[in-house]
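For reference, the structure discussed in these notes is given below.
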Amino acid sequence: MKLATWNVNSLTARWGRVESWLVEHAPDIVLIQETKQSDEKFPFAPLAALGYESAHYGQGQWNGVAILSRVGIEDVRRGFGDEDPEARLIGATCAGLRVYSCYVPNGRALDDPHYAYKLEWLAALARILAERDPTKSVVVGGDFNVAPTDLDCYDPSLFEGATHVSEPERAALRAIEATGLVDLTRQLNPGEPCFTWWDYRSGSFHRGWGLRIDLVYVDEVLLHKATASYVDREARKGEKPSDHAPVVAEFDL
DNA sequence: ATGTCACAGTCCCTGTGA
């Protein structure tokens with residue numbers, strides 16, 4: 001079973017690249033972030049032609065998350081509950097696995113109200129994961145907008161006082177891990193940076209100025225069934241790429 | 001620390017968000 005997570009930075013702008021990537025890599029389950037589409041614009045039919053059922057939580061101009069599955073999609077949950085101001089979380093059950101696609105708020109700056117919203121959002125995610133059905137394996141993937149450790153940042157000295165690396169954000173990730181989850185890409189690639197995002201500006205990708213902020217959390221059962229987790233840097237190259245590369249996880253179920 | 005990209009509306013430029 002092959003699962004991928006990818007912040008596409010507008011599915012409208014990225015459709016051609018996403019379609020060819022799905023054909024080439026043939027993942028079974030795909031977690032998408034930043035579709036930047038309403039549900040009306042989401043390409044349900046073209047995805048169905050590729051063999052994927054889809055669930056989308058769209059907002060329009062900003063945010064928007066989706067799950068694509070070739071192995072069934074049931075019990076879709078959009079957001080945390082009744083007072084979700086932004087479309088950043090969708091969950092579904094695919095082939096018996098509970099999967100979540102997450103687009104964690106950026107935070108903008110440590111003194112910005114959006115940073116407090118980011119921490120509250122991560123705490124809400126930890127709460128629903130703590131309350132999950134413990135008999136069902138879970139995958140929580142997406143753009144977390146947090147580099148879990150300094151290894152996940154190309155130059156920590158440039159990020160002092162910035163978002164994405166602050167201690168409260170990292171503690172919020174540890175609270176998610178404390179519900180029984182493991183950062184799969186890091187677990188399978190100890191010591192390797194495995195960056196997933198590079199700023200469009202300044203030729204960051206070619207200079208290696210990246211962060212690892214797109215993460216795949218799995219429970220212990222799935223950890224032991226995992227055979228690989230890697231970043232497809234090829235998808236960050238060429239014409240009109242997203243600023244994020246897909247992260248892939250493979251399991252022998 | 002910025003040599004970019006995508007979006008919508010003010011609509012072929014500008015402000016916002018990343």
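- Out of dA1(B), dG17(B), dT2(B), the shortest distance to the side chain of Tyr154(A) is found at dA1(B).
- Between Asp152(A) and Arg186(A), at least one side-chain N (NZ, or NE/NH1/NH2) sits under 4.0 Å from a carboxylate O, which counts as a salt bridge.
- At a threshold of 4.0 angstrom between heavy atoms, the contacts of Trp197(A) with the nucleic acid are absent.
- To the nearest whole angstrom, the two C1' atoms, one in dA1(B) and one in dT14(B), are 23 Å apart.
- Taking a cutoff of 4.0 Å between a charged side-chain nitrogen and a carboxylate oxygen, Lys237(A) and Asp232(A) do not qualify as a salt bridge.
- Rounded to a whole angstrom, the distance from the C1' atom of dC11(B) to that of dT16(B) is 16 Å.
- Salt-bridge formation is detected for the pair Glu167(A)/Arg174(A): a Lys NZ or Arg NE/NH1/NH2 atom is positioned less than 4.0 Å from an Asp or Glu carboxylate oxygen.
- Sequence order on DNA chain B of the closest nucleotides to Ser202(A) and His244(A) puts Ser202(A) first from the 5' end.
- Spacing between atom CZ of Arg207(A) and atom C1' of dT2(B) amounts to 9 Å, rounded to whole angstrom units.
- For the C1' atoms, the distance from dT4(B) to dT10(B) is 22 Å, rounded to whole Å.
- At whole-Å resolution of the value, CG in Asp112(A) and P in dT16(B) are 13 Å apart.
- Straight-line distance from the CH2 atom of Trp62(A) to the P atom of dG9(B): 11 Å, rounded to whole Å.
- For Trp209(A), the listed nucleotide lying nearest its side chain is dA1(B); candidates were dA1(B), dG3(B), dA6(B).
- Whole-Å rounding puts the His206(A) NE2 to dG3(B) C1' distance at 13 Å.
- In this structure, the CZ atom of Phe159(A) is 13 Å from the C1' atom of dA18(B), given to the nearest Å.
- Using a 4.0 Å cut-off between charged side-chain N and carboxylate O, Asp243(A) and Arg201(A) make no salt bridge.
- With dA6(B), dA18(B), dA1(B) as the choices, the nucleotide that has an atom nearest any side-chain atom of Lys36(A) turns out to be dA6(B).
- OP1 and OP2 of dC5(B) both lie 4.0 Å or more from every side-chain N or O belonging to Ser10(A).
- When the nucleotides dA18(B), dA6(B), dA1(B) are ranked by their closest atom to the side chain of Glu34(A), dA18(B) comes out on top.
- No close placement of the Tyr103(A) and Phe144(A) rings is indicated, their centers lying 6.0 Å or farther apart.
- For Tyr200(A) and dA1(B), a side-chain-to-base donor-acceptor distance below 3.5 Å is absent, hydrogens and geometry of angles not being considered.
- One can place NZ of Lys118(A) at 16 Å from P of dG17(B), the figure rounded to the nearest angstrom.
- Arg14(A) comes within 4.0 angstrom of sugar-phosphate atoms only, judged by non-hydrogen atoms across all strands, and of no base.
- In this structure, Gly203(A) and Asn7(A) both approach DNA chain B, and ranking their closest nucleotides by distance from the 5' end singles out Gly203(A).
- Nearest to the side chain of Lys240(A), among dC7(B), dA6(B), dG3(B), sits dA6(B).
- Residue contacts for Tyr103(A): at a heavy-atom cut-off of 4.0 Å it reaches the sugar-phosphate backbone alone, with no base atom in range.
- When the side-chain nitrogen and oxygen atoms of Arg201(A) are compared with OP1 and OP2 of dC5(B), none of them lie within a distance under 4.0 Å.
- Checking Glu34(A) against Ser10(A) by side-chain atom types alone, no donor-acceptor pair falls below 3.5 Å.
- When rounded to the nearest whole Å, the span between CG of Leu11(A) and C1' of dA6(B) equals 13 Å.
- The nearest whole Å value for the distance from the CG atom in Asp199(A) to the P atom in dC5(B) is 10 Å.
- Only the C1' atoms considered, dC12(B) is 16 Å distant from dA6(B), to the nearest whole Å.
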